[in-house]
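Here the structure is laid out as structure tokens; the discussion comes afterwards.
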Protein chains: 2
Amino acid sequence: MTLTDKQLELIEEFGIYQESNGFQPAVARVMGLLLVSDKPELTFEEISETLNISKSATSNALNMLLNTGHIEYTTFHGDRKRYFRIKSSNWRELFNKKMEDLGELNNLLKRVLEVRERENPIYDQKLQYFISFLDYLKAQLPNLIEQWEKEHLKEKA
Amino acid sequence: MTLTDKQLELIEEFGIYQESNGFQPAVARVMGLLLVSDKPELTFEEISETLNISKSATSNALNMLLNTGHIEYTTFHGDRKRYFRIKSSNWRELFNKKMEDLGELNNLLKRVLEVRERENPIYDQKLQYFISFLDYLKAQLPNLIEQWEKEHLKEKA
DNA sequence: TCGTTAGTTCATAATTTACAGAACTAAATT
DNA sequence: AATTTAGTTCTGTAAATTATGAACTAACGA
């Protein structure tokens with residue numbers, strides 16, 4: 001399979017982005033390839049050859065992405081190969097994870113407030129505000145999504 | 001300086017959280033310590049000794065955090081030591097960075113749509129939706145913050 | 001001006017990570 | 001039954017990361 005320069009560039013950029021989210025380089029490239037390739041579904045072999053990564057690295061990457069629910073595959077009868085693609089629900093999940101991550105931070109900060117004993121309560125106040133904002137954001141997010149869906153439908157009509 | 005078990009535990013948890021945001025372990029622990037310690041300001045020596053990290057690691061961590069604007073310090077006359085503390089604006093900045101990160105993802109995805117040529121446009125649609133949602137979120141965020149500020153004031157009154 | 005303190009810099013050691021390559025397995029095909 | 005295909009697992013290692021310790025510097029105080 002051949003890719004344009006732009007596609008190769010995007011795979012790298014997306015790869016670096018996903019590395020910053022804690023993915024291994026090879027894993028991030030596999031996601032990138034599945035994302036930018038013209039074909040929506042690729043085989044083990046195509047992935048391995050196109051990205052020039054070994055079979056073992058390819059195997060690990062694909063299993064990792066399968067386990068974490070980032071990709072899925074289909075098969076066709078009379079064909080032993082699996083055809084991998086990005087899970088379409090992936091986007092919402094990716095967003096959810098970012099939000100959960102903020103939730104985790106918020107929980108940590110709440111525990112910080114409980115545990116530390118600063119002589120001067122001024123030091124606690126800004127942290128309180130931030131916690132409160134994160135709580136508010138979390139509470140409002142469903143509304144926001146609902147609103148977007150409304151606007152989006154309007155737009156399409 | 002002595003810390004309670006809970007404080008030590010929180011430093012570790014916060015440390016691991018910040019490692020996932022790309023900070024080096026020692027740097028993340030220093031942030032954690034400044035966050036959970038009862039004293040809001042700590043010296044180089046206190047940090048190094050409490051966390052049991054070498055002077056060089058402490059030096060690197062503090063300079064790194066100073067350069068990236070996560071901490072700041074004050075001095076007192078007749079005292080050569082610097083007293084480090086977490087920057088209070090740090091929280092909003094931390095949140096901003098998360099949002100910018102989503103913006104970066106969005107830009108990448110827009111370019112993906114431009115570059116890849118899927119035979120079947122169904123594959124593009126879900127991605128379009130997601131992009132559109134991220135745009136919406138970005139646009140609505142200032143309102144959301146404003147609204148929170150209102151509610152927050154009400155609450156306090 | 002001599003010693004001490006506060007912190008920096010550099011070379012190196014230790015650890016972690018990420019991947020390749022080879023040997024292997026299980027199923028399907030001939 | 002033998003071979004090919006599709007993929008896995010295991011072992012070794014190269015590279016990158018992270019921290020240490022020792023030597024150094026700059027400024028202050030006695």
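Just so you know, these numbers use all the heavy atoms, side chains as well, and skip hydrogens, waters and symmetry mates. Here is the naming used below: chain letters follow the sequence lines, and residue numbers restart at 1 for every chain. Quick caveat, the model's predicted, so the values are computed rather than measured.
Checking B/Arg80 against A/Gly22, the closest nucleotide of DNA chain C that is more toward the 5' end is the one next to B/Arg80. Toward the 5′ end of DNA chain C lies the nearest nucleotide of A/Ala26, the other residue of the pair A/Gly78 and A/Ala26 mapping further downstream.
For the residue pair A/Asn21 / A/Lys98, a side-chain donor-acceptor distance below 3.5 Å is found, with atom types taken as modelled. For the residue pair B/Asn143 / B/Gln140, a side-chain donor-acceptor distance below 3.5 Å is found, with atom types taken as modelled.
Proximity of A/Asn60 to the phosphate of D/dT9: no side-chain N or O atom is located under 4.0 Å from OP1 or OP2. Put simply, B/Arg82 has no side-chain N or O that comes within less than 4.0 Å of OP1 or OP2 on C/dA6. When the side-chain nitrogen and oxygen atoms of A/Gln24 are compared with OP1 and OP2 of C/dC19, one or more of them lie within a distance under 4.0 Å. When the side-chain nitrogen and oxygen atoms of B/Lys81 are compared with OP1 and OP2 of C/dA6, one or more of them lie within a distance under 4.0 Å.
The residues A/Lys87 and A/Glu72 are annotated as not salt-bridged, no charged nitrogen and carboxylate oxygen being separated by less than 4.0 angstrom.
Checking D/dG21, C/dG7, C/dA20 against every side-chain atom of A/Ser56, the shortest atom distance belongs to C/dA20. When distances run from any side-chain atom of B/Ala57 to the nucleotides D/dA27, C/dA27, D/dA19, the shortest one goes to D/dA19.
The shortest distance between side-chain heavy atoms of A/Phe23 and A/Leu65 falls below 4.5 Å.
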